[in-house]
Asker: 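Before I ask anything, here is the structure I am working with.
In what follows, chains carry the letters A, B, and so on, assigned in the order in which the sequence lines appear, proteins first and then strands, with residues in each chain numbered from 1.
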Protein chains: 2
Amino acid sequence: MNNLIKYFNQFNHLSDEAVKAIADISKPVNIKKNQDLQSIGHTCRTIYFIKKGVARIYYYKDDIEITECFAFENTIIARVESLFTGKPSRKAIQMIEDSELIGINSPKLFELYDKFPEIERLFRKIFESAYVDTVNRVESIQFHSAEERYNALLKESPNVLQRVPLKYIASFLGITQVSLSRIRGIR
Amino acid sequence: MNNLIKYFNQFNHLSDEAVKAIADISKPVNIKKNQDLQSIGHTCRTIYFIKKGVARIYYYKDDIEITECFAFENTIIARVESLFTGKPSRKAIQMIEDSELIGINSPKLFELYDKFPEIERLFRKIFESAYVDTVNRVESIQFHSAEERYNALLKESPNVLQRVPLKYIASFLGITQVSLSRIRGIR
DNA sequence: AACAAAATTTATCATAAGATAAATAATCAA
DNA sequence: TTGATTATTTATCTTATGATAAATTTTGTT
């Protein structure tokens, strides 16, 4: 739980009791490379913290698989459009490497919000931050070329190429694998 | 304040004291058509509820003005990437029509969170919902054609064409005004 | 109403990315 | 290690959208 607490403290310091309460509704999850952590059609009831490994969220658009995002060590991942609405998700979470995670039961977490306003505040801040990232992502997709987005991704996650197949990177960037290959070929 | 309270109640019911506390840090704002409500370079310290009128958030990319989003009556609008980070915003909010708003002082609002967990919860839910909308927007921009996005906008906001100039709609859709005109011309 | 300014459309040409197919390279499993 | 599978690149042709310019329509102001 150590890194998880460190992660939490970046957003909001928690009392020992609050940490204990979260620990009580959390459990370790280990997943093999290329396995789905959560599947399409399933309602998100777990927020995962990645201790080790790389995750991606993906879905299908017209039978084509699209990668929505990646998540690396020491961050959390969840399909928020299901987590916050309670609706089944059209998306899945897959681990790209053998991974170790901590799963936090979200219905129980949301119950803790009543007793621990500091926990509610923590997750408010975590998701506000993720919201800001997503607002910035809209701008990036809409007004930067595929090549600019590729270079920005490399800058932001220099090891993404070592850890993530190009076909996933391509759809994350909003282009086909062939186009990505072309962009990469230029230099 | 009536419609504002109705809006709040969609997310979280507030006690009378909480409503009063918010009222105490709110004030009416009237803005003429085409005037900026908040300007570029200014840190967002107000969350606005739109009683009457249409707002848009815009910014410049390479000297070209880009509309990030629109907001209509009975919703709130704020430049969240500044509101949540405290950094000056590269974006502005402009009212497209003569408008009446309620401005809620956000530093004071955030102070209320300590005394009124119900207010913190309210805004947590409001922004969680906005976050989900933005996640869906990413998908829409990335994997639907400009024409699909135009039709989706018309479906979602049927009166947008009556109230918003096409040049703003074009950059919101991520295309030039000329391209939008071409798309519209097809039918 | 009449003019000026702004918004929208139309036209032409250029370009980034898509679709498809095929070649090559890398990875995995027996 | 070898063959099979999967990932990546290369090539060709097509298409949606961009850039620019000009025409037309709408809006705003005196």
Side-chain angles (χ1 to χ4, degrees), chain A residues 32-36 53-54 56 58 60-67 70 94-98 138-154 159-187, chain B residues 31-36 53-54 56 58 60-67 70 94-99 138-154 159-187:
Chain A
K32 287 280 172 206
K33 177 171 178 169
N34 292 335
Q35 291 225 311
D36 278 358
V54 189
R56 69 181 185 111
Y58 70 92
Y60 290 90
K61 148 95 180 159
D62 300 338
D63 294 334
I64 308 263
E65 191 196 279
I66 307 288
T67 294
F70 303 110
Q94 184 195 51
M95 302 311 302
I96 296 173
E97 301 172 350
D98 289 353
V138 170
E139 191 178 328
S140 148
I141 298 171
Q142 201 154 15
F143 301 107
H144 294 90
S145 67
E147 188 171 354
E148 286 172 313
R149 276 176 277 144
Y150 175 68
N151 290 326
L153 174 67
L154 292 195
N159 54 356
V160 72
L161 286 184
Q162 281 73 58
R163 302 182 73 182
V164 177
L166 289 172
K167 59 177 178 170
Y168 299 155
I169 294 175
S171 71
F172 170 74
L173 294 174
I175 56 178
T176 61
Q177 189 177 356
V178 173
S179 292
L180 177 57
S181 196
R182 184 157 37 193
I183 286 168
R184 283 161 51 80
I186 290 164
R187 34 239 220 33
Chain B
I31 291 269
K32 287 278 174 208
K33 177 171 178 168
N34 291 335
Q35 292 225 311
D36 277 358
V54 189
R56 69 180 186 113
Y58 70 92
Y60 289 91
K61 148 94 181 161
D62 300 337
D63 294 333
I64 308 260
E65 191 196 279
I66 307 290
T67 294
F70 303 110
Q94 183 195 51
M95 301 311 302
I96 296 174
E97 301 172 351
D98 290 353
S99 302
V138 170
E139 191 179 328
S140 149
I141 298 170
Q142 201 155 14
F143 301 107
H144 293 90
S145 68
E147 188 171 354
E148 286 173 313
R149 277 176 277 145
Y150 175 68
N151 291 326
L153 175 67
L154 292 196
N159 53 357
V160 71
L161 286 184
Q162 280 73 58
R163 303 182 72 183
V164 177
L166 288 172
K167 59 177 176 170
Y168 298 156
I169 293 175
S171 70
F172 171 74
L173 294 174
I175 56 179
T176 61
Q177 189 177 356
V178 173
S179 292
L180 176 57
S181 197
R182 184 158 36 193
I183 287 168
R184 283 161 51 79
I186 290 164
R187 17 259 226 12

Asker: Give the rounded distance in Å between these two atoms: CG of A:L161 and P of C:dA26.
Answerer: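 These atoms are roughly 15 Å apart.
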Asker: Distance check, rounded to the nearest 0.5 Å: B:F143 atom CZ versus A:K61 atom NZ?
Answerer: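 Output value for this atom pair is 9.0 Å.
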Asker: Starting at CD1 of A:I169 and ending at C1' of D:dT9, how long is that distance when rounded to a whole Å?
Answerer: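 From A:I169 CD1 to D:dT9 C1': 15 Å.
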Asker: If the cut-off is 4.0 Å, is B:S181 near the phosphate of C:dT8, judged by side-chain N/O to OP1 or OP2?
Answerer: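 Checking B:S181 against C:dT8: no side-chain N or O falls below 4.0 Å of OP1 or OP2.
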Asker: Quick one: are A:I169 and A:L161 in side-chain contact, heavy atoms under 4.5 Å?
Answerer: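 They are in side-chain contact.
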Asker: Under 4.0 Å between a side-chain N or O of B:T176 and OP1 or OP2 of D:dT17?
Answerer: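 No, outside the criterion.
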Asker: Which residue, A:R163, A:K32, A:K33, forms the side-chain hydrogen bond (donor to acceptor under 3.5 Å, both in side chains) with A:E97?
Answerer: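 Result for side-chain hydrogen bond (donor to acceptor under 3.5 Å, both in side chains) with A:E97: A:R163.
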Asker: A:R184 side chain N/O closer than 4.0 Å to the phosphate oxygens (OP1, OP2) of D:dT9?
Answerer: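 It does, given that an N or O in the side chain of A:R184 lies less than 4.0 Å from OP1 or OP2 of D:dT9.
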Asker: Can you measure B:R182 atom CZ to C:dA14 atom P for me and round it to whole angstrom units?
Answerer: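 Rounded to whole Å, this separation is 15 Å.
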Asker: Does A:K33 put a side-chain nitrogen or oxygen below 4.0 Å from OP1 or OP2 of C:dC28?
Answerer: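 Indeed, a polar side-chain atom of A:K33 lies that close.
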Asker: Would you mind telling me which residue lines up with the more 5' stretch of DNA chain C, A:S179 or B:V178, judged by nearest nucleotide?
Answerer: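 The answer here is B:V178.
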Asker: Taking A:Q94 for the side chain and A:N34 for the main chain, is one N or O donor matched with an acceptor at less than 3.5 Å?
Answerer: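 Yes, A:Q94 side chain to A:N34 backbone: donor-acceptor pair under 3.5 Å.
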Asker: Rounded to the nearest Å, what distance is computed from the CG atom of residue B:L166 to the P atom of nucleotide C:dA6?
Answerer: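 Those two atoms, CG and P, are 17 Å apart.
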Asker: Within this structure, what is the CD-to-C1' distance between A:E65 and D:dA7, rounded to whole angstrom?
Answerer: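 It works out to 13 Å between those atoms.
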Asker: To the nearest Å, how far apart are B:L173 CG and D:dG18 P?
Answerer: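 Rounded to the whole Å, the gap is 10 Å.
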Asker: Between A:L166 and A:R184, is there a side-chain heavy-atom distance shorter than 4.5 Å?
Answerer: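 A side-chain contact under 4.5 Å exists here.
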Asker: When you measure from the side chain of B:Q177, which nucleotide among D:dT17, C:dT8, D:dT8 comes out closest?
Answerer: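 From the listed options, C:dT8 comes nearest.
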Asker: Using whole Å, report how far CD1 of A:I64 lies from P of C:dA17.
Answerer: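 Spelled out: CD1 on A:I64 to P on C:dA17 is 18 Å.
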Asker: Whole-Å distance between D:dG18 P and B:K167 NZ?
Answerer: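 Roughly 18 Å, once rounded to whole Å.
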